[in-house]
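Source: prediction; values computed, not measured. In this chain, numbering begins with 1 at the start of the sequence shown. For ligands, and for the atoms within them, numbers begin at 1 and follow the listed sequence.
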Amino acid sequence: MVARNLEFCRNAIERAAVGAGRDPFGITLVGVTKGIELPLIFEAIDSGLKHIGENRIQEALLKFEPVNAYAKSKGRRIIWHMIGHLQTNKAKDAVRLFELIHSVDSLRLAQEIDREAKKVSKVQDILLEVKTSPETTKFGFPPDEALYAAREILSFRNINVKGLMTIAPAVSDPEQARPYFSRLKSLLDELNRLRISGFGFRILSMGMTGDFEIAIQEGATMVRVGRGIFGERNK
Ligand SMILES: *Cc1c(COP(=O)(O)O)cnc(C)c1O
């Protein structure tokens, strides 16, 4: 089932990209494995899944080694993404486990990540989470504060801000999520116009099972898909 879902999902990503005049290779699929047992994750790896997203440190700690060992036995390597809210006291684990932390939502957290990354001589790639909708999502910088935060964090030497992430509110019609995605894209464009990073901010992490096609139309470079690959979760 996972193999078929993954193929379905990849095809949908490709269709959405081509339909929007974009290169499908510019879009990274992150398989979200929260609440998913190891055998299903292994199936996804067998079908070529490379990017794995988890939203809780405790759960990621349990999966990290067996999943990496499995991938390694197949001659492959997993790239881990932290996509859930991160408490500052978990920054150390996050820096150890994840290649990209999507959910940096405060300067205090960024500071803590910077400090922990410095200890292990890592430059941690992060995204700033932006609260594009006032109503539903709890975490993230308000859009007007994201610019200020990006500028501040640029002075942190052990953090590399690669772009922005948002979670659109759950809506019945995915079309209704479009304004939140276009808002994030505008914000990224604005950041890049200000040229506060010499490298540019390139990653736009937006779109989940219900709305990733719309997100791609609006410029997503990373989509985070759980149910669409692994089926409904129990929790
Ligand atoms: C769970 C989760 C997803 C995936 O959601 P699905 O609806 O299962 O695709 C994506 N992003 C974040 C931050 C999540 O917590």
### Task
Measure from the side-chain N and O atoms of Asn160 to the backbone N and O of Asp125, and report whether any donor-acceptor pair falls under 3.5 Å.
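Side chain of Asn160 to backbone of Asp125: no pair is present.
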
Shortest protein contact, [atom] (heavy atom only):
atom	value
atom 5 (O) of ligand 1	Met208 CE, 3.7 Å
atom 14 (C) of ligand 1	Lys34 NZ, 3.0 Å
atom 7 (O) of ligand 1	Arg227 NH2, 2.8 Å
atom 6 (P) of ligand 1	Thr209 OG1, 3.4 Å

### Query
Looking at OH of Tyr180 and OG1 of Thr166, how far apart are the two atoms once the value is rounded to the nearest 0.5 Å?
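Spacing of OH (Tyr180) from OG1 (Thr166) equals 10.0 Å.
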
### Reported CG-to-NE2 distance for the pair Asn55 and His81, which is rounded to 0.5 angstrom
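Those atoms lie 14.0 Å apart.
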
### Message
Please determine whether side-chain hydrogen bond (donor to acceptor under 3.5 Å, both in side chains) holds for the pair Ser205 and Arg224, giving the CA-CA distance in whole Å, both sets of side-chain angles, and the decisive distance to 0.1 Å.
### Response
CA-CA 7 Å; Ser205 168; Arg224 312 177 304 264; 2.9 Å; yes

#### Entry: Test side-chain hydrogen bond (donor to acceptor under 3.5 Å, both in side chains) applied to His51 and Thr28, step by step
CA-CA 8 Å; His51 295 263; Thr28 301; 4.9 Å; no

#### Entry: Any Lys119 side-chain heavy atom under 4.5 Å of Val95 side chain
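No; the side chains remain at least 4.5 Å from each other.
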
#### Entry: Identity of the nearest option to atom 13 (C) of ligand 1, non-hydrogen atoms only, from Ile83, Val32, Val30
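When every heavy atom of Ile83, Val32, Val30 is considered, Ile83 comes closest to atom 13 (C) of ligand 1.
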
#### Entry: Nearest-option assignment for atom 4 (C) of ligand 1, heavy atoms, candidates His81, Arg224, Glu232
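Looking at heavy atoms only, Arg224 sits closest to atom 4 (C) of ligand 1.
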
### Message
Tell me whether Gly226 has any N or O atom under 3.5 angstrom from an N or O of ligand 1.
### Response
yes

### Task
Give me the one residue out of Gln111, Glu112, Arg108 that meets side-chain hydrogen bond (donor to acceptor under 3.5 Å, both in side chains) with Thr88.
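Only one of Gln111, Glu112, Arg108 forms a side-chain hydrogen bond (donor to acceptor under 3.5 Å, both in side chains) with Thr88, namely Arg108.
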
Output the list of atoms in ligand 1 that are nearer than 4.0 Å to some heavy atom of [X], sorted by atom number.
X	value
Arg233	1 (C), 8 (O)
Ile167	13 (C)
Val225	9 (O)

